[in-house]
Number of protein chains: 2
Amino acid sequence: MMKQNHISELRLAIIGLISMQPQSGYSLRKFFSTTPMGRFSSSPGAIYPALKRLEEEGWIAGAIDNADSLRPKKVYSLTEEGTRALHLELTKAVTREDIIWNLDGLILRFPFIEQLGLSEVLRFLTQFEEEVSRYIPTLENYLDGVSEEITLCGRLAMQQGIDGYRGMARWARHAIEEISTHRPDPTQGEN
Amino acid sequence: MMKQNHISELRLAIIGLISMQPQSGYSLRKFFSTTPMGRFSSSPGAIYPALKRLEEEGWIAGAIDNADSLRPKKVYSLTEEGTRALHLELTKAVTREDIIWNLDGLILRFPFIEQLGLSEVLRFLTQFEEEVSRYIPTLENYLDGVSEEITLCGRLAMQQGIDGYRGMARWARHAIEEISTHRPDPTQGEN
DNA sequence: CGATACATGTAACCGGTTACATGATTTT
DNA sequence: AAAATCATGTAACCGGTTACATGTATCG
């Protein structure tokens, strides 16, 4: 079935955000509840246990802020091990299984990959575009094969899925272009 | 958070398929594992317990086929209560929460709605199109608001989400058209 | 006779949801 | 003084995943 070869979306979102800037449970909750990234959970009942587990596993380390005050805050940073784990996850090859079972996780990975450099981003997008484009004919063939026996709405629902994948491939191509032509900022030069 | 005002995708898929034709655990597994609808689980460890629960709740009833043979089969049909529950689920209004948290479930509903008649299908599509179209500006406004502080890939990821929703709205409009012009088969006439 | 398809299930594990619990600080 | 926000957690529940367990029937 091959559904779970990856870390959960919540874990990825948490360590990804922490990698950009140290975060407390509360700041994560706030971010999730005020941005469209809230699609990846929220509620304290998910976040605090997840943070605890990540700390137990040594991926993140919490430092108490305002230790003396009456309202202390626990701010987590990535450990070296956590950084390694995150980078490993972000650079994993994009597989058809991901395309089918873990699309949201894939899109979630994307913004965090930027830290690894634009070449990594391009590698990801290229793989993504290729896997998606390769999957579409499979779906089309299936649809062709059953179009006699399927109901009208069944066909339309499948069409929706195919259109969705087509849109993603298009998006990836567009993103590749935008990133490729992204000014290496000639006024600064990089030598 | 409002995530769980609906039955699980697996349950919906199961009772939806049973409503089209009585099914055994095995036939469901087979269907899931050989069609793109397998996105909604599979594995016996999910299906058999789900069937048991649905039977306990009185939504489905199992009849033993080949009772005398050494390889009996349990074929489930919808009860009246199950039919009511399914129809209730299928005719629920499409909300923004669904659009955000339960998109897959919404698309899964779609082919089963056809049994309720094309007017129900059109009602669903109209609501779907409207809710999606209303949600898009919210996302666009958010993106505009943060475009200064967001990273390149963060923006592109958001753009992907918006494009996805736009594609869905387009699909819904297209589906409405296709269904509306769907020949009411003039050779038969309905009076 | 071995492989594949038919057929149904269980048990340990994991992690997300919901709801609850507590209390400090700041704003109105 | 009340309300909102800051801040962190726990506990019961639910259901999906993985892996295991068992046995029959059919086909080559």
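Letters go in sequence order (proteins before strands), and every chain restarts at 1.
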Check A:E129 against A:A172 and note the closest heavy-atom contact, atom names and distance. CB-CB, 3.8 Å
So does [X] get a side-chain nitrogen or oxygen closer than 4.0 Å to the phosphate oxygens (OP1/OP2) of [N]?
{"X": "A:Y26", "N": "D:dT8", "value": "no"}
{"X": "B:R29", "N": "C:dA7", "value": "no"}
{"X": "B:K52", "N": "C:dT10", "value": "yes"}
{"X": "B:R11", "N": "D:dC14", "value": "no"}
{"X": "A:S8", "N": "C:dG16", "value": "yes"}

Could you state the atom-to-atom distance from [atom1] of [X] to [atom2] of [N] in whole Å?
{"X": "A:K73", "N": "D:dT8", "atom1": "NZ", "atom2": "P", "result": "7 Å"}
{"X": "B:K30", "N": "C:dT8", "atom1": "NZ", "atom2": "P", "result": "12 Å"}
{"X": "B:L51", "N": "D:dG16", "atom1": "CG", "atom2": "P", "result": "11 Å"}
{"X": "A:L54", "N": "D:dG9", "atom1": "CG", "atom2": "P", "result": "14 Å"}
{"X": "A:I47", "N": "D:dT10", "atom1": "CD1", "atom2": "C1'", "result": "15 Å"}

Given [options], which nucleotide is nearest the side-chain atoms of [X]?
{"X": "A:S43", "options": "D:dA7, C:dT17, C:dG9", "result": "C:dT17"}
{"X": "B:L10", "options": "C:dT18, C:dG9, D:dG16", "result": "D:dG16"}
{"X": "B:A46", "options": "D:dT8, C:dG15, D:dT17", "result": "D:dT17"}

Counting only heavy atoms from other residues, nucleotides and ligands, does the tally under 6.0 Å from NE2 of B:H174 exceed 12? no
Base, sugar-phosphate or nothing for B:G45? Non-hydrogen atoms, less than 4.0 Å.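 Touches a base.
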Looking only at side chains, do A:S147 and A:D144 share a donor and an acceptor under 3.5 Å apart?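 Distance-only check fails for A:S147 and A:D144.
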Ion pair check, A:R134 and A:E131, cut-off under 4.0 Å: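 Yes.
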